[in-house]
Amino acid sequence: VASEPDAGALLTAAAAGDRRATGRVLSAIEAGGPTGRELERATFAPSGPAWVVGLTGPPGAGKSTIGGILAARLRAAGERVALVAVDPTSACSGGALLADRARLSLAPSEGDDGVLVRSMASRHALDGLAPASRSVVRALEWLGWGVVVVETVGAGQVGTGVAAACDTTVLVLTPESGDDLQAAKAGPLEVADVVVVNKADRLGAAAAVATVTGEVGAAGGREGAPEVVATAALAGEGIDELVAALGRHRRRLAEPAGDGGTVKEHRRRRALEAELEARLGAELTRVGARARAGPGFAEAVAGLVAGTWDPARACELVLGPVLAAGLRAPGDRPGEGRRGRDGRR
Ligand SMILES: Nc1nc2c(ncn2[C@@H]2O[C@H](COP(=O)(O)OP(=O)(O)O)[C@@H](O)[C@H]2O)c(=O)[nH]1
Ligand SMILES: [Mg+2]
């Protein structure tokens with residue numbers, strides 16, 4: 001890695017359409033270092049004009065294929081489209097990334113400045129969308145990418161985080177998705193805005209569409225129940241219907257939500273709430289781990305064994321110094337933590 005890039009210069013170049021600079025902005029945000037945090041702050045603009053579309057569903061359902069086709073369609077309609085694949089497998093092998101890139105030959109021509117493809121690892125993301133991915137999506141919006149399509153692998157509870165962070169969520173299933181459909185009931189199916197039954201060229205497609213339609217109805221009476229669309233993406237079938245369904249949902253986003261704002265504003269507020277909650281949880285987990293690893297823990301156990309402290313008091317005594325030290329571990333601050341710890345010995 002070269003020297004720390006200047007955040008301001010990078011942003012200016014990226015905003016002017018420099019793809020290399022854009023890549024470096026996103027990489028820095030993903031890496032989470034000082035430059036990344038500066039860029040994250042600079043590009044954080046809630047309720048941007050962009051349309052963020054999430055594609056979720058089990059592996060192999062056709063998310064990348066559909067994402068590529070949608071990108072091509074939207075590009076042809078004059079949009080600047082960024083495709084972000086949050087892929088837990090692409091980190092190590094790069095194989096999935098290559099496959100996804102290759103598949104995009106279906107879509108926009110190489111060298112088209114209006115399409116950007118980005119792949120990133122979903123580190124520690126239980127919901128399939130790591131905090132860094134959300135910041136990357138926001139940076140893309142800020143940089144003027146009018147449509148951001150985010151692909152994440154998701155089934156069951158995994159995948160609902162995507163919905164929380166997207167304006168329009170598409171769940172992609174296949175006729176073979178029986179088990180996935182059962183799993184999806186607990187999560188993605190409840191939050192999907194459009195459900196795609198892809199690989200409609202395969203056996204059982206009509207039955208699958210009927211089952212999904214039934215499920216969606218059974219979930220029932222819900223305001224804005226998802227539309228179900230059958231596609232055979234490789235053959236290009238059902239794509240017009242999918243594009244139309246997405247367009248209807250996009251228009252719905254501009255309608256009033258009843259709380260004074262639009263549906264989109266309402267969703268984004270909820271997404272930010274969920275994101276803040278997740279960050280709070282992560283911080284608290286870190287604080288707890290630090291308390292567990294600190295010297296106070298053994299002391300507290302000794303106190304409990306001796307009957308000097310009761311558990312509630314012991315907890316206070318262990319947590320007190322950790323909380324007083326602030327959110328950052330002493331070791332995070334250069335030249336401080338180590339000395340402090342050694343001093344105790
Ligand atoms: N038969 C059939 N295969 C498809 C269709 N759409 C995608 N595929 C294939 O299914 C495989 C997985 O597709 P991919 O887009 O990578 O799925 P992802 O893992 O959800 O991103 C690839 O080999 C695709 O070519 C379809 O409509 N019909
Ligand atoms: Mg894929």
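One-based numbering, in listed order, for ligands and for the atoms of each.
When each atom of ligand 1 is checked for a heavy atom of A232 under 4.0 Å away, the hits are 27 (O). The atoms of ligand 1 that sit less than 4.0 Å from any heavy atom of E151 are 21 (O). Counting the atoms of ligand 1 from 1 in the order shown, those under 4.0 Å from a heavy atom of D201 are 1 (N), 2 (C), 26 (C), 27 (O), 28 (N). Set against the non-hydrogen atoms of S64, the atoms of ligand 1 under 4.0 Å away are 15 (O), 18 (P), 21 (O).
Checked by distance only, ligand 1 and P59 stay at 3.5 Å or farther apart across all their nitrogen or oxygen atoms. Polar contact with ligand 1: absent for A200 (N/O pair, distance under 3.5 Å). By the 3.5 Å distance cut-off applied to N or O atoms, K63 is counted among the residues near ligand 1. Considering backbone and side-chain atoms together, I66 places no N or O closer than 3.5 Å to any N or O of ligand 1.
Between E79 and R250, at least one side-chain nitrogen of the basic residue sits less than 4.0 Å from a carboxylate oxygen of the acidic one, meeting the salt-bridge criterion. In summary, R138 and E275 engage in a salt bridge, as defined by a charged side-chain N under 4.0 Å from a carboxylate O. Salt-bridge annotation for R269 and E265: absent, with no side-chain N of the basic residue lying under 4.0 Å from a carboxylate O of the acidic one. One finds no salt bridge joining E40 and R37 here, because no Lys/Arg side-chain nitrogen approaches an Asp/Glu carboxylate oxygen to under 4.0 Å. Electrostatic pairing of D240 and R73 counts as a salt bridge here, judged by a charged N lying under 4.0 Å from a carboxylate O. Comment: E316 engages R313 in a salt bridge, judged by a side-chain N to carboxylate O separation of less than 4.0 angstrom.
Residue contacts with ligand 1, taken as heavy atom pairs separated by less than 4.0 Å, involve T65 via backbone and side-chain atoms alike. Residue contacts with ligand 1, taken as heavy atom pairs separated by less than 4.0 Å, involve L234 via backbone and side-chain atoms alike.
For the Mg ion (ligand 2), the N/O/S atoms of T65 include none lying under 2.8 Å.
Within the 3.5 Å criterion, the main-chain N or O of H249 finds no donor-acceptor partner in the side chain of D193.
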Mind running salt bridge (Lys or Arg N to Asp or Glu O under 4.0 Å) on E283 and R286 for me, showing each step along the way? CA-CA 5 Å; E283 286 297 348; R286 258 195 293 280; 3.2 Å; yes
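Distances from the Mg ion (ligand 2) to the N/O/S atoms of E151 are shortest for OE2.
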